[in-house]
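Read through the structure below, which is laid out as structure tokens, and then see the notes.
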Amino acid sequence: VAVALMLGLGTPSGGAAQSADKQPIVIAVPVGLSGVNSVVAPAVVQSAELAVEELNAKGGIMGRPVKLIPLDDESGPAGAAKAFNTAIRQHKADAIITMETSAARNAGAPIAERAKTLFIYTSFYEGRACGKYLFVNAWVPEQIVSPLVKFMTDEKKVKKWFVLGSDYAFGRGLIEPAKKTIKDLGGTILGEEYQPLQQSDWTAIISKIRAANPDGIMYATSGGGPNIDFMKQFKAAGLKMPVGSLSIDELTAEQGGNAAEGVYYTGDYFTGIDNAENRTFLEAMKKKFGANLKTPNSLSEPQYDGIHAYAMAVEKAKSTDADKVAAVLPTIVFKGPRGPVQMNKQHHAPLPVYLAQVQADGKTKIIKSFGLVGPGNQCPNLK
Amino acid sequence: MYTTQLLDVVTTAGVLYIVAVGLLVVYGVLKIINLAHGAFLAMGAYAGVLATWAGWNPWTALLLAAVMGVAVAALVEWRVLRALYARPLDTILATWGLNIIVVQILTLYFGREIHFAESAIAHPISVAGVTYSQYRLVLLLIAVALGVLVWLVMQRTQIGVVTQAVIMNEELAQALGINTRLVRFVTFCLGAGLASLAGALLTPLVSVHPNLGVPWLINAFMLVLVAGVSLGSLALAALLLGGAQVLVSSYGNPVLGSLTIVILAVIILRFRTITI
């Protein structure tokens with residue numbers, strides 16, 4: 001322990017002079033290995049492992065090897081505080097790059113900020129998390145809600161809407177901008193309902209939908225199972241209007257069998273994105289992890305982009321110093337499986353957004369691309 | 001609108017009855033609350049997943065679920081619970097422990113992600129001019145059938161009469177030469193089998209994951225507290241509390257609706273004259 005401590009103390013957190021020695025660059029990944037995020041966390045770690053393997057195969061960053069430290073944030077604030085402190089104090093992390101719950105991020109970000117440690121957050125979230133050292137390379141509601149509402153208004157002729165969600169921050173946080181976009185496009189909202197998180201019987205809300213008889217539905221439940229609960233019961237009740245989802249993902253749709261057939265949703269990453277980078281990425285993932293591969297998804301893929309973007313920024317800054325890296329990071333464009341991603345809008349990134357529809361076998365089909373969609377004003381105090 | 005609400009009320013009562021009846025049977029005879037009830041529900045739901053994987057008819061999942069529930073319950077009653085009947089508080093701990101163990105085994109084997117089980121009936125049906133979920137109506141029929149069946153067993157069979165004797169006065173029954181140990185064993189297995197059956201019956205409504213049983217356990221627990229040990233009271237409680245939940249959710253909102261069962265249960269318990 002003493003030796004490790006001295007080594008750690010002997011390494012100031014940056015300086016181009018360091019490039020000569022072979023001290024590894026440490027990237028910490030505090031992620032929900034236990035708790036609610038434990039379904040997706042293994043896929044996030046796999047994305048990170050591939051990115052680090054690719055970097056090391058090319059000789060690391062500035063000639064220094066890259067070391068990955070996955071930590072368990074227990075999907076919540078207490079665990080995140082512990083994991084961030086461990087990453088910064090014990091492992092002397094040069095950067096924290098991870099996908100976390102919002103609660104965990106809110107606890108971890110101030111710790112990284114105080115310690116002047118660069119933090120790239122790779123999870124889509126409700127928006128407006130800002131910090132000098134905090135960057136985000138995944139979507140905020142502005143980027144996926146408006147394109148979906150607009151598509152359903154224009155192409156599916158939905159004028160009268162029924163909106164519903166799970167009763168918690170993310171559900172309500174996505175329905176709010178949806179309502180705003182609906183009103184901006186001249187639509188009317190016939191009903192708005194929220195269901196408690198633990199309640200899996202949607203009967204009452206489905207009967208209200210039937211009574212209101214809207215042209216279309218927009219919903220945002222919590223992730224995973226509740227999407228399928230709602231869609232199963234919605235269909236069994238014989239309701240047929242078009243449905244837009246702000247909470248379903250590729251994996252959930254597939255695990256739900258035919259339950260979500262027909263549902264429209266938008267996102268920045270799908271395994272079916274047809275470009276060279278995505279094909280290479282998926283093949284490399286399959287080769288590296290074989291039968292243990294966790295299907296890459298919109299919560300895990302940005303982790304891969306984040307680590308590569310960080311590596312490019314360090315190379316350009318010629319330093320791991322957080323201030324220097326943060327200064328060049330907005331200029332870095334990493335062309336990854338999603339397309340070109342650059343965190344140049346108040347530490348957030350305009351992202352390629354796609355419209356997809358769930359097919360009869362639960363698989364997701366990309367219907368159209370909206371091109372790059374900006375994140376709007378997330379952090380007006382930052383450049 | 002009113003037809004839909006009437007259907008919502010009766011089918012919700014039916015679902016609640018199916019979910020709670022296994023808990024009531026165990027409580028009635030063993031005088032313990034089986035906190036592993038939620039785990040047995042989850043196990044039954046996974047029987048549906050296994051049946052789907054094997055490509056069997058969805059209805060066979062019901063049989064598989066019941067068999068799995070009874071098998072696990074038999075083992076647990078024999079090796080663990082039997083030794084704890086003299087210490088009722090410890091049975092709470094033991095059944096909750098069993099709940100955690102079963103849920104963890106399901107998690108280890110299936111993972112935390114959701115699974116898909118084929119539905120026997122996925123199409124709506126037209127009733128009195130409204131399109132309604134055919135499966136919910138089938139559930140209502142199953143609830144009634146289960147109620148009648150359990151009632152017939154209790155009233156018309158030897159084991160039922162013996163069980164009633166144990167419910168009323170276990171010591172006296174023992175003195176009359178009734179093998180109460182066997183009655184307890186059979187009842188626990190029956191209750192767990194009914195819980196697993198209920199889990200399999202839920203899969204067309206909800207997605208399957210290891211903690212699927214938790215919210216249902218809470219509602220079932222409330223219903224049994226209110227109903228005591230009578231099947232008739234359970235049906236009435238399911239209709240009353242489930243109905244109130246639907247109506248409050250429809251005219252108020254689902255957040256209030258979800259509180260209704262708990263609040264009503266507390267009020268009923270407060271003002272009911274003690275009968276047990």
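Chain naming here is simple, since letters A, B, ... match the order of the sequence lines and numbering starts at 1 in each. Note that the coordinates shown come from a computational prediction; the quantities given were computed from them, not determined experimentally.
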| query | Which bit of B/Y132 is near chain A, if near means a heavy-atom gap under 4.5 Å: side chain, backbone, both or neither? | reply | both
| note | Cut-off 4.5 Å, heavy atoms of chain B, and the answer for A/Q195 is both
| field | chain B contact via A/K208 - side chain, backbone, both or neither, heavy atoms under 4.5 Å | value | side chain
| For A/I228, the option from B/V206, B/I114, B/V208 that meets side-chain contact (heavy atoms from CB on, under 4.5 Å) | B/I114
| task | Among the options B/H115, B/E118, B/R136, pick out the one with the most heavy-atom pairs lying under 4.5 Å from chain A. | result | B/R136
| In terms of heavy-atom proximity below 4.5 Å to chain B, should A/N258 be classed as side chain, backbone, both, or neither? | both
| task | Have a look at A/T203 and tell me which of B/D8, B/T4, B/V15 forms a side-chain contact (heavy atoms from CB on, under 4.5 Å) with it. | result | B/D8
| request: Measure B/Q134 against the heavy atoms of chain A and call it side chain, backbone, both or neither at under 4.5 Å. | output: backbone
| request: Just give me the residue among A/G256, A/A204, A/A236 that pairs up with chain B most often, heavy atom to heavy atom, under 4.5 Å. | output: A/A236
| Choice from A/P226, A/A259, A/S38 maximising heavy atom contacts with chain B below 4.5 Å | A/S38
| Heavy-atom count around A/K288 NZ within 6.0 Å, excluding the residue itself: above 12? | yes
| field | Residue from A/V39, A/V40, A/V36 passing side-chain contact (heavy atoms from CB on, under 4.5 Å) with B/R112 | value | A/V39
| remark: Interatomic distance, CG@A/D229 vs CG@B/L212, rounded to 0.5 Å, equals 8.5 Å
| field | Residue part contacting chain B, namely of A/Q255, when any heavy atom lies under 4.5 Å | value | both
| task | Flag the one option from A/Q198, A/K235, A/E254, A/Q233 with the top tally of heavy-atom pairs under 4.5 Å to chain B. | result | A/Q233
| field | Pairs of heavy atoms under 4.5 Å with chain A: top-ranked of B/S119, B/P215, B/S133 | value | B/S133
| In terms of heavy-atom proximity below 4.5 Å to chain A, should B/Q245 be classed as side chain, backbone, both, or neither? | side chain
| said: Tell me which of these, A/K232, A/E193, A/Q199, A/M231, has more heavy-atom pairs under 4.5 Å with chain B than the rest. | reply: A/K232
| query | chain A heavy atoms under 4.5 Å from B/H209: which part of the residue, side chain, backbone, both or neither? | reply | neither
| request: Below 4.5 Å from any heavy atom of chain A, which atoms of B/T3 appear? Answer side chain, backbone, both or neither. | output: neither
| task | Under 4.5 Å, counting heavy-atom pairs only, tell me which of B/S207, B/G257, B/S249 racks up the most with chain A. | result | B/S207
| message | Distance check, rounded to the nearest 0.5 Å: A/D201 atom CG versus B/S258 atom OG? | response | 11.5 Å
